[in-house]
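Scroll down for the structure; my scribbles are underneath it.
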There are 2 protein chains.
Amino acid sequence: MGLTKSEKFSAEQNELSSICKVLAHPARIAILQHLYKIDSCICGDLVEEIGLAQPTISQHLRELKQVGLIQGTIEGTSVCYCINKDRWLEMRNQLNEFLDLEFISGKNCC
Amino acid sequence: MGLTKSEKFSAEQNELSSICKVLAHPARIAILQHLYKIDSCICGDLVEEIGLAQPTISQHLRELKQVGLIQGTIEGTSVCYCINKDRWLEMRNQLNEFLDLEFISGKNCC
DNA sequence: TTGTTTAATTGCAATATTACGATAAATAGA
DNA sequence: TCTATTTATCGTAATATTGCAATTAAACAA
């Protein structure tokens, strides 16, 4: 099979796992880190920076764009990408809601 | 190919993406949520709770165990699982370090 | 011991992801 | 127009993930 039966899970659970899936590749982490390290927007320097082939980078960029974490504007023949800060903060809040849980008891029970 | 070229990325980038990969499935999110909702440790009630077959749940539990997010102790014929709180907080810190970045400029640049 | 219960493992099929060569599309400049 | 540059898309191969039936393993009870 191999199909995630998303009907079995809540919208929150599916959303959380989707967010994590986008971040579940070192190349996409590297792209995001580079984009916020370099304030000015970077286009295809990412190909040199990351060290993967251009179609591969383009594919990762598309995934990041699909979830709204980055946005790109065309500048001549090149494309300028940057982080969508609103969406970034939204994602951070969603993740923190999951991560910042208070455990009922202080100690591990097993 | 399909092989993540982890040599190309920093230890931090590989670690971050590994953490996210474990969380990148709704069933594993659901397992974790159930484990901290029910303070007392739950064994194979997870199978009923989640609604996937027992081998599938067992597989997800193994992945969570491998990264140290949960731990299990044998109690008779059943196994009691619970969240490893130290590891959970460690993971939370690693993710927050990545998520809590201050952007250089306040506005999106493209 | 034998049966029962529970969880892990094995084996395999279906699907998803990753990577890249080849190609196409779009734009700028000559 | 033609050409160079840049990025997106297509097609495909390699690998990874997911899910479950069947089986095994382990612990308890009778």
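Below, chain A is the first sequence line, B the second, and so on; all start at residue 1.
Counting only heavy atoms from C-beta on, Thr77(B) has its side chain closest to dT5(C) among dT18(C), dA21(D), dT5(C). Distances were taken from every side-chain heavy atom of Ser58(A) (C-beta onward) to each of dG19(D), dA8(C), dT9(D); the shortest belongs to dT9(D). Of the candidate nucleotides dT18(C), dA8(D), dA7(C), dT18(C) has the atom lying nearest to any side-chain atom of Glu63(A). Closest to the side chain of Leu52(B), out of dT6(D), dA19(C), dG19(D), is dG19(D). For Gln59(B), counting side-chain heavy atoms from C-beta on, the closest listed nucleotide (dA19(C), dG19(D), dA21(D)) is dG19(D). Side-chain proximity of Ser78(B) to dT17(D), dA7(C), dT18(C): nearest is dA7(C).
Residue Thr56(B) places none of its side-chain N or O atoms closer than 4.0 Å to OP1 or OP2 of dG19(D). Within the structure, a side-chain polar atom (N or O) of Tyr81(B) is placed less than 4.0 Å from OP1 or OP2 of dA8(C).
Taking the six-membered ring for Trp and thresholds of 30 and 60 degrees, Tyr36(B) and Trp88(B) have ring planes more than 60 degrees apart, a perpendicular arrangement.
With rounding to whole Å, Ile74(A) atom CD1 is found 20 Å from dT5(D) atom P. For His25(A) and dT15(D), the NE2 to C1' distance is 11 Å, given to the nearest whole Å. dT18(D) atom C1' lies 17 Å from atom CG of Leu23(B), rounded to whole Å. Protein atom CG of Asp45(A) is 13 Å distant from nucleotide atom C1' of dT5(D), rounded to whole Å. In this structure, Arg28(B) atom CZ and dT17(D) atom P are separated by 9 Å, rounded to whole Å. The nearest whole Å value for the distance from the NE2 atom in His60(B) to the P atom in dA8(C) is 13 Å. In this structure, Arg62(A) atom CZ and dA16(C) atom C1' are separated by 14 Å, rounded to whole Å. As a whole-Å value, the separation of Leu46(B) CG from dG19(D) P is 15 Å.
Rounded to the nearest 0.5 angstrom, Ile70(B) CD1 and Asn84(B) CG are separated by 10.0 Å. Expressed to the nearest 0.5 Å, how far CD1 of Ile19(B) lies from CD of Glu90(B) amounts to 8.0 Å. Rounded to the nearest 0.5 angstrom, Leu61(B) CG and Gln54(B) CD are separated by 9.5 Å.
In this model, a side-chain donor or acceptor of Gln54(B) finds a partner on the base of dA8(C) within 3.5 Å.
Position along DNA chain C of the nearest nucleotide to Glu75(A) versus Ala53(A) favours Ala53(A) as the more 5'-ward residue.
Among residues two or more places apart in sequence or in another chain, the salt bridge (Lys or Arg N to Asp or Glu O under 4.0 Å) test is passed with Glu63(B) by Arg28(B).
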